[in-house]
Amino acid sequence: MSDQIPIVEAFRMMAANKSLTELELHDLIREGIHAALARRFGGPVEAEIDVTEEGDISIVVLKEVVEEVEDPAREVTLEQARWDDPDFQVGDLMEIPVDFRDFGRSAVMAAKQRIIQRIREGERDRIRMEFNDRVGDLVSGEVQASERGKLVVMLNRSREAEAIIPWREQNPRERFRQGEPIRAVLKLLEETPRGPRLILSRADPQFVASLFALEVPEIYQNIVDIKEIVREAGGRTKVAVASRDESVDPVGACVGLKGSRVQAVVSELSGERIDIVPWHPDPEIFARRALAPARVAKVISNQERHVITAIVDEDQLSLAIGRNGQNVRLASQLIGWQIDLYSSRDWMERGGEAGLFGGDDEYEMSDFPLSELEGIAPATLAALEAAGVSSFYGLLDMDRSDFLQVPGIGPDEADTLESLIDELTVVDEAQAEVVAAAKTAAEASAEAEAPEAPDAPSEVEVPDAPAEAASAEAADAMSTAASGEGTS
């Protein structure tokens with residue numbers, strides 16, 4: 001017993017470091033002793049092994065009594081059995097007690113190796129169970145070493161797990177030293193001959209999403225959703241957010257008071273730029289927002305090809321493109337459409353006047369809610385919505401008399417709405433000239449025909465073809481002005 005207790009205590013200390021229970025420890029000791037018995041008797045044996053809480057180990061090997069031995073590890077001859085007890089018969093089980101101190105060094109080493117092997121297998125199973133459902137979660141640890149560009153990380157909650165950050169999953173602007181704390185997102189649970197290995201990442205867009213979930217309670221509580229996120233690690237990240245609660249501003253929630261929340265994420269990313277834009281289901285509106293911080297003058301969409309043509313002013317072109325085309329490239333990835341970017345001058349030189357001002361019927365400017373339009377007082381907005389007008393297109397169909405018929409809108413509010421429509425609509429100068437020419441031609445034709453007008457309606461003369469063409473062009477120009485193609 002004196003020799004057995006230190007061995008059991010040594011196993012108990014090892015089990016405590018591996019977070020094993022007393023029952024698991026006893027099972028491991030039994031498996032180790034079975035391995036030692038197999039080494040001593042030349043093969044697998046049947047044995048009864050009892051390990052008490054006090055540290056006592058009793059071992060009894062069971063062998064079957066036979067006429068002729070085929071398996072020495074499990075069988076014994078009748079003659080050998082009757083040396084101990086003459087009453088043995090063929091088919092009986094002979095119990096052979098074994099003293100633990102009789103084990104040789106090789107048997108003890110076999111027991112130790114078996115126990116260590118079972119502990120490692122248990123660790124691997126626990127790592128698989130713990131991290132299999134945590135892909136995409138944020139984990140923290142400490143940098144253990146840097147080997148050939150990859151970082152070896154020891155996790156805080158599972159120090160036995162093998163975790164690495166490959167070079168391709170690192171931020172090129174960051175450098176870590178041994179012993180420094182580090183956070184990363186679990187990207188992959190990889191199986192290797194040595195067991196499961198955790199692949200971590202600080203370059204994946206999900207890492208930024210996890211940081212926002214940590215810093216923004218509204219995201220953690222699923223009030224604000226991150227709809228889309230794209231990233232070029234070390235350069236720029238674009239995040240599209242939407243709110244499930246109309247009273248919660250998704251962009252404001254992510255930015256925080258005086259930018260405290262987004263600044264915490266930027267600090268973790270070593271100063272990487274982050275653009276937070278409100279998500280929208282309409283690709284044209286979404287494209288305008290995705291190209292932030294640049295202001296877009298107009299967008300034209302091709303639904304079949306999934307192509308957005310964006311036109312910006314000359315002073316906004318460099319912002320829209322970004323360094324090495326990064327801003328427009330990320331915006332295209334964010335909305336999932338190809339973005340063709342033009343300055344207003346380039347667009348005009350390419351013959352894009354018709355598309356820009358609405359002469360081409362293939363393209364149409366998207367509608368948007370009045371709540372997104374600046375310059376309308378809340379009371380006026382509520383009065384319009386109560387009258388069933390909630391979009392900009394609905395506003396374009398109304399004139400001053402229509403505004404005055406809406407309860408809650410007076411002359412001042414009507415003037416404000418008319419001024420707002422004038423600011424947001426554009427009429428081509430050439431088309432305006434056509435409208436004026438058509439009006440002049442119509443008046444001249446009316447004056448020339450008035451004296452000669454017969455009493456009978458059947459003798460009314462048809463206007464000349466030029467007047468008809470001018471009237472048609474005037475109608476097209478007026479329909480263009482009413483369509484709102486020049487909205488910003």
Side-chain angles (χ1 to χ4, degrees), residues 1-130 158-161 191-196:
M1 177 177 178
S2 60
D3 293 335
Q4 298 172 5
I5 292 178
I7 296 175
V8 175
E9 286 297 327
F11 286 146
R12 186 176 287 118
M13 291 177 61
M14 182 172 60
N17 293 333
K18 301 298 182 180
S19 302
L20 298 176
T21 63
E22 193 76 16
L23 181 61
E24 291 174 333
L25 172 63
H26 290 175
D27 290 339
L28 291 177
I29 293 176
R30 292 188 186 95
E31 288 191 23
I33 293 176
H34 270 290
L37 291 173
R39 181 68 63 87
R40 177 177 177 181
F41 288 95
V45 299
E46 293 185 10
E48 294 180 352
I49 303 171
D50 185 24
V51 182
T52 64
E53 295 182 359
E54 292 77 15
D56 291 333
I57 301 176
S58 61
I59 306 170
V60 176
V61 176
L62 303 178
K63 289 191 176 185
E64 183 182 359
V65 179
V66 295
E67 290 286 352
E68 184 177 353
V69 175
E70 296 180 358
D71 183 1
R74 295 173 177 268
E75 298 172 345
V76 64
T77 62
L78 178 62
E79 181 181 359
Q80 291 175 335
R82 286 181 175 178
W83 287 350
D84 294 338
D85 187 349
D87 295 332
F88 271 114
Q89 301 294 328
V90 174
D92 291 344
L93 284 178
M94 180 179 180
E95 298 181 354
I96 305 173
V98 178
D99 193 342
F100 191 81
R101 291 173 296 182
D102 295 340
F103 283 9
R105 178 178 177 81
S106 61
V108 173
M109 290 300 297
K112 179 182 177 181
Q113 291 175 359
R114 180 59 179 167
I115 291 174
I116 293 175
Q117 179 183 356
R118 290 292 297 133
I119 289 176
R120 288 177 178 173
E121 291 176 358
E123 288 176 354
R124 294 170 181 174
D125 291 340
R126 281 195 298 272
I127 291 172
R128 292 188 186 95
M129 292 178 61
E130 180 179 357
S158 182
R159 295 182 173 270
E160 299 83 8
E191 288 292 339
T192 68
R194 297 174 54 186

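Residues satisfying the salt bridge (Lys or Arg N to Asp or Glu O under 4.0 Å) criterion with Glu75, sequence neighbours excluded, are absent altogether. The salt bridge (Lys or Arg N to Asp or Glu O under 4.0 Å) check on Glu95 picks up nothing, with sequence neighbours excluded. The side-chain contact (heavy atoms from CB on, under 4.5 Å) search around Arg159 returns Met154, not counting sequence neighbours. Applying the salt bridge (Lys or Arg N to Asp or Glu O under 4.0 Å) criterion to Arg128, with sequence neighbours excluded, gives Asp125, Glu191. Asp92 meets the salt bridge (Lys or Arg N to Asp or Glu O under 4.0 Å) test with no other residue; sequence neighbours excluded.
The structure places CG of Asp50 at 10.0 Å from CD1 of Ile33, a figure rounded to the nearest 0.5 Å. Here the CH2 atom belonging to Trp83 is positioned 7.0 Å from the OG1 atom belonging to Thr77, to the nearest 0.5 angstrom. To the nearest 0.5 Å, atom CD1 of residue Ile59 and atom CZ of residue Arg30 are 11.5 Å apart.
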Ignoring hydrogens and angles, write down the donor-acceptor pairs under 3.5 Å from the side chains of residues 62-71, residues two or more places apart or on other chains.
{"unit_1": "Lys63", "atom_1": "NZ", "unit_2": "Pro72", "atom_2": "O", "d": "3.1"}
{"unit_1": "Asp71", "atom_1": "OD1", "unit_2": "Ala73", "atom_2": "N", "d": "3.2"}

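A 4.5 Å side-chain heavy-atom check between Ile127 and Ser158 finds at least one atom pair inside the cut-off.
Shown here for Arg82 and Phe88, the closest heavy-atom pair between the two residues is NE-O, 3.0 Å.
Here the options are Val61, Ile49, Val45, Val60, the test is side-chain contact (heavy atoms from CB on, under 4.5 Å), and the partner is Val98; only Val61 passes.
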